[in-house]
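Just so you know, residue 1 is the first one in the sequence shown, and it goes up from there.
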Amino acid sequence: MMFSLMCAWYAFFSLLAILAYGFDKYAAIRGQWRVRESTLHLLSLLGGWIGALMAQRLFRHKRSKQRFMLVFWGSVFVNLLGLVLVLSQWSAFM
């Protein structure tokens, strides 16, 4: 049960991240309103980093911005650290 809930959580935020990166790339090309970088990082922090990583590759977007990528990988680290803590608490509870 916990595993399927976590998979759904990561899938949901990954899908949101892919859509956000795609929208941002489209807006960048057209010179329109952009998605804030903080929003993209928040989606990664909440578990959408898998989709964000896929979108970075798919859309060739944000990969060359060193500062952005540094914060991105930091959000991945924090998310995984949180996941480990949650799983360790869950297994102790069971």
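- To the nearest 0.5 angstrom, Ile18 atom CD1 is 10.0 Å from Ile50 atom CD1.
- To the nearest 0.5 Å, atom CG of residue Leu43 and atom OH of residue Tyr21 are 8.5 Å apart.
- Residues Phe72 and Leu40 fail the side-chain proximity criterion, which asks for heavy atoms closer than 4.5 Å.
- Applying the ring-ring contact (aromatic ring centres under 6.0 Å, His included) rule to Phe77 yields no partners; only residues at least two apart in sequence or on another chain are considered.
- The distance from the CZ atom of Arg34 to the CZ atom of Arg30 is 13.0 Å, given to the nearest 0.5 Å.
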Practice task
Test side chain to side chain contact (heavy atoms under 4.5 Å, CB included) on Phe59 and Phe23 and set out the steps.
Solution key: CA-CA 10 Å; Phe59 301 124; Phe23 179 83; over 6 Å; no

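- Looking at every heavy atom in both residues, Ala17 comes nearest to Gly51 through CB-C, 4.3 Å.
- Residue Gln66 qualifies as open at atom CD: its count of foreign heavy atoms under 6.0 Å is 12 or below.
- Here Phe13 contributes atom CZ and Leu45 contributes atom CG; the two are 10.0 Å apart, rounded to the nearest 0.5 Å.
- Looking only at distances, a side-chain donor or acceptor of Trp9 sits under 3.5 Å from a matching main-chain atom of Leu46.
- Under the 4.5 Å side-chain contact rule for hydrophobic residues, Val76 and Leu15 do not share a cluster.
- Both tests pass for Lys62 against the ring of Phe68: distance under 6.0 Å to the centre and angle within 45° of the axis.
- The same ILVMFWY cluster, assembled from side-chain heavy atoms under 4.5 Å apart, contains both Val35 and Leu58.
- Of the residues listed (Glu37, Arg36, His41), the one engaging Thr39 in a side-chain contact (heavy atoms from CB on, under 4.5 Å) is Arg36, and it is the only one.
- At a threshold of 4.5 Å between non-hydrogen side-chain atoms, the residues Tyr10 and Asn79 count as touching.
- Taking OG of Ser44 as the start and CG of Leu16 as the end, the distance is 11.5 Å to the nearest 0.5 Å.
- Distance CE/Met6 to CG/Leu87: 4.5 Å, rounded to 0.5 Å.
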Handout entry: Residue pair Leu53, Trp73: steps toward the side chain to side chain contact (heavy atoms under 4.5 Å, CB included) verdict
Key = CA-CA 10 Å; Leu53 197 57; Trp73 285 112; 3.9 Å; yes

